[in-house]
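Working notes, structure below.
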Amino acid sequence: MSQIKLRITRKLYNQVVEDLLRPHEFASERVGFIFSDSIMDQQGNVTICFNSYNPVIDEDYINDPSVGARFGQNPINESIGFGLENNKGVFHVHMHEFSASIPQFSDVDIKCTSPIAESCSRIIKTEVHGLLLIGKGKMNAIAWLPGHKDPVQVDQIIIIDSPLVLSFPKSPLKKCLLERYNRQSFLGKHSEAIFNRIKIGVVGLGGGGSHIVQQLAHIGIKNYALFDHDHIDESNLNRLIGGTLQDVKLNAKKFDIATRMINNLHSDAKILGGAQKWESLACELQSCDVVFGCVDSLTARRDLEAECRRFLIPYIDIGMGIDRTVGKAPHIYGQVHLSIPGSSCLICRGFLNQDELAIEATRYGEKGGRPQVVWSNGVLASTAVGILAGLLTGWKQESDSNLHKTYDGNNHEMADSIYRMGYPSSCEHYNLNETGPIKL
């Protein structure tokens with residue numbers, strides 16, 4: 001059965017909550033409308049990205065003590081008009097601030113607000129519309145899909161933050177007790193269930209990516225979108241985890257080697273993507289909850305991060321190199337970036353800049369010698385997977401949306417970037433209002 005996912009940035013979530021909590025002269029609660037873009041993957045799974053909010057202003061409320069909030073037709077018309085003009089989904093949103101667990105819609109909620117969503121569905125026929133209910137950090141949502149008369153409950157809602165705030169309203173998380181995971185139980189009683197449901201993307205399945213895939217499978221990740229169009233060759237055997245001499249003889253695909261590693265640990269794993277570039281099957285990447293980038297070029301990093309920003313996906317980038325300056329000992333170095341939509345991006349951090357991208361473009365097609373070793377890739381990949389575990393479970397009980405680690409392979413040191421505290425708290429390069437597919 002297809003699933004429906006919903007994403008909202010921390011910034012937009014705070015904006016909505018701040019408005020809904022404002023007292024009104026006579027209404028006992030406030031309401032508003034939130035707008036979205038959506039995509040569907042090959043399995044029919046729908047991902048909804050919220051991007052802007054329209055509050056109901058004070059003058060539009062009607063004094064009616066029999067309900068928490070009643071309002072006139074004007075805010076409905078305005079919201080539908082905005083959605084129609086910009087081809088956006090429209091969700092009515094209100095709050096049950098007393099609900100500490102996943103909030104539940106009341107009969108009055110459904111009776112009074114469903115006609116609004118149904119009207120949106122009849123007028124803006126290509127987008128998803130619905131009702132959003134906010135509790136104390138948890139949320140619930142009902143959605144009307146294009147071409148469907150009856151609404152369905154949303155499966156997963158994520159506040160994009162560090163760590164992520166996860167709600168599973170349709171099927172709440174339960175504590176799992178498999179023996180194989182008892183030594184990572186410190187990650188939280190629901191960690192096993194979270195790892196079982198989350199979908200992870202990995203782009204690049206060579207030296208770094210193969211390490212990441214192996215570790216993801218070991219901690220319990222079962223849903224993947226993997227991409228690498230390359231085949232293994234003999235020069236890969238010093239660093240590609242899972243690769244064998246037989247694979248070299250058979251000219252095996254790196255995608256197939258990664259798939260085999262996962263299936264050896266999880267026979268029920270769902271592995272999508274393929275031996276192709278991610279752009280060829282972008283919808284599968286767009287429906288991932290977190291994406292790892294294990295690519296060689298700055299251009300590939302830029303394009304991956306830009307895609308993740310449009311679909312509100314946390315992006316974890318790893319990379320390493322070896323400086324072989326003449327007359328000096330080789331120097332191994334590397335980095336791990338966590339890029340959260342809304343926080344500083346790789347351009348904000350100075351890691352990507354137009355001058356270096358332009359220089360790289362003039363060298364397009366050059367492969368050259370890219371020295372790589374298994375141990376440094378392992379350190380970077382392990383750090384990245386550790387960041388993912390914290391992002392999903394919040395086990396460290398701390399937040400760091402500007403996380404940037406640097407690696408000194410000569411001294412075997414992984415440390416916070418000395419520049420991290422100077423990164424901007426928000427990003428000016430990617431507009432949070434511009435989500436979903438590019439609309440021409």
Side-chain angles (χ1 to χ4, degrees), residues 3-24 27-36 48-56 61 67-69 71 91-114 117 130-143 151-175 187-194 197-198 289 312 314 340-343 390-401 432:
Q3 289 194 331
I4 303 176
K5 299 179 178 182
L6 193 156
R7 298 173 185 155
I8 182 171
T9 62
R10 169 60 72 181
K11 180 179 180 180
L12 181 56
Y13 173 84
N14 288 347
Q15 177 190 346
V16 173
V17 169
E18 182 179 354
D19 176 68
L20 296 180
L21 287 177
R22 289 189 302 121
H24 188 270
S28 60
E29 64 178 354
R30 286 185 179 269
V31 298
F33 292 90
I34 191 165
F35 304 102
S36 65
I48 302 164
C49 299
F50 283 158
N51 49 54
S52 59
Y53 176 65
N54 182 33
V56 173
Y61 286 91
V67 293
F71 52 93
F91 278 70
H92 175 277
V93 56
H94 73 292
M95 191 170 188
H96 287 181
E97 58 179 308
F98 52 82
S99 180
S101 58
I102 293 175
Q104 300 300 315
F105 290 94
S106 69
D107 291 340
V108 173
D109 291 336
I110 299 298
K111 180 181 178 180
C112 294
T113 57
S114 289
L131 315 176
L132 177 68
L133 179 59
I134 299 177
K136 290 184 177 180
K138 298 291 184 180
M139 289 181 279
N140 200 349
I142 300 172
V152 292
Q153 190 171 25
V154 170
D155 297 270
Q156 172 186 302
I157 305 174
I158 301 182
I159 301 175
I160 305 300
D161 200 356
S162 175
L164 300 173
V165 180
L166 302 161
S167 298
F168 296 92
K170 190 172 182 179
S171 180
L173 295 173
K174 296 180 180 179
K175 183 178 180 179
L187 295 175
K189 64 181 181 179
H190 293 139
S191 60
E192 183 181 336
I194 291 171
R197 296 193 192 188
I198 291 295
D289 300 302
L312 305 184
I340 299 284
S343 69
L391 193 64
L392 295 179
T393 68
W395 70 272
K396 295 194 302 178
Q397 300 182 19
E398 62 183 45
S399 174
D400 190 351
S401 58
L432 292 176

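Side-chain contact check for Y53 versus L20: some heavy-atom pair is nearer than 4.5 Å. Side-chain contact between V165 and Y13: absent, with no pair of heavy atoms (C-beta onward) separated by less than 4.5 Å. When side chains are defined from C-beta on, L12 counts as touching I34, because their heavy atoms get closer than 4.5 Å. Using a 4.5 Å heavy-atom threshold, the side chains of I134 and P103 count as separate. Two residues are said to be in side-chain contact when any heavy atoms from C-beta on lie closer than 4.5 Å; S36 and F91 meet this criterion. Residues L131 and S114 form a side-chain contact, since some pair of their non-hydrogen atoms from C-beta on lies under 4.5 Å apart. Between I158 and K5 there is no side-chain heavy-atom pair separated by less than 4.5 Å. Contact of the E29 side chain with the V67 side chain is not registered, since no non-hydrogen atoms from C-beta on lie closer than 4.5 Å.
Minimum interatomic distance between P169 and N140 (heavy atoms only, all atoms of both residues): CB-OD1, 3.2 Å. In terms of heavy atoms, L312 sits closest to C49 at CD1-CB, 3.8 Å. Minimum interatomic distance between K174 and H190 (heavy atoms only, all atoms of both residues): C-CD2, 3.7 Å. Pairing each heavy atom of L392 with each of I194, the nearest pair is O-CD1, 3.8 Å.
Atom OG in S167 sits 12.5 Å away from atom CG in D155 (nearest 0.5 Å). Taking CD1 of I102 as the start and NZ of K170 as the end, the distance is 13.0 Å to the nearest 0.5 Å. Residue K11 holds its NZ atom at 11.5 Å from OG of S343, rounded to the nearest 0.5 Å. Residue L187 holds its CG atom at 5.0 Å from OG1 of T393, rounded to the nearest 0.5 Å. To the nearest 0.5 Å, atom CD1 of residue I142 and atom OG1 of residue T113 are 7.5 Å apart. Note that the CE atom of M95 and the CG atom of L21 stand 4.5 Å from one another [nearest 0.5 Å].
The backbone N or O of R22 sits less than 3.5 Å from a side-chain atom of R30, completing a donor-acceptor pair. Judged purely by atom type and a 3.5 angstrom limit, K138 uses its side chain to pair as donor or acceptor with the backbone of L166. For N51 (side chain) and L432 (main-chain N/O), no donor-acceptor pair under 3.5 Å exists by modelled atom type. Checked by atom type and distance alone, the side chain of S399 pairs as donor or acceptor with a backbone atom of S162 at under 3.5 Å.
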CA sep, side-chain torsions, deciding dist, call: L164, D289, side-chain contact (heavy atoms from CB on, under 4.5 Å): CA-CA 10 Å; L164 300 173; D289 300 302; 5.7 Å; no

side-chain contact (heavy atoms from CB on, under 4.5 Å) evaluation trace for F50 with T9: CA-CA 8 Å; F50 283 158; T9 62; over 6 Å; no

CA sep, side-chain torsions, deciding dist, call: M139, V154, side-chain contact (heavy atoms from CB on, under 4.5 Å): CA-CA 10 Å; M139 289 181 279; V154 170; over 6 Å; no

Derivation and outcome, side-chain contact (heavy atoms from CB on, under 4.5 Å), residues I198 and Q156: CA-CA 10 Å; I198 291 295; Q156 172 186 302; 4.3 Å; yes

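Under the rule for a salt bridge (Lys or Arg N to Asp or Glu O under 4.0 Å), R197 has no partner lying at least two apart in sequence or in another chain. The side-chain hydrogen bond (donor to acceptor under 3.5 Å, both in side chains) search around S106 returns D109, not counting sequence neighbours.
Other residues, nucleotides and ligands contribute over 12 non-hydrogen atoms within 6.0 Å of the CD atom of Q153.
The aromatic rings of H94 and H92 are tilted relative to each other, their planes meeting at an angle between 30° and 60°. The aromatic rings of Y61 and F71 sit perpendicular to each other, their planes meeting at more than 60°, with 30° as the lower class boundary.
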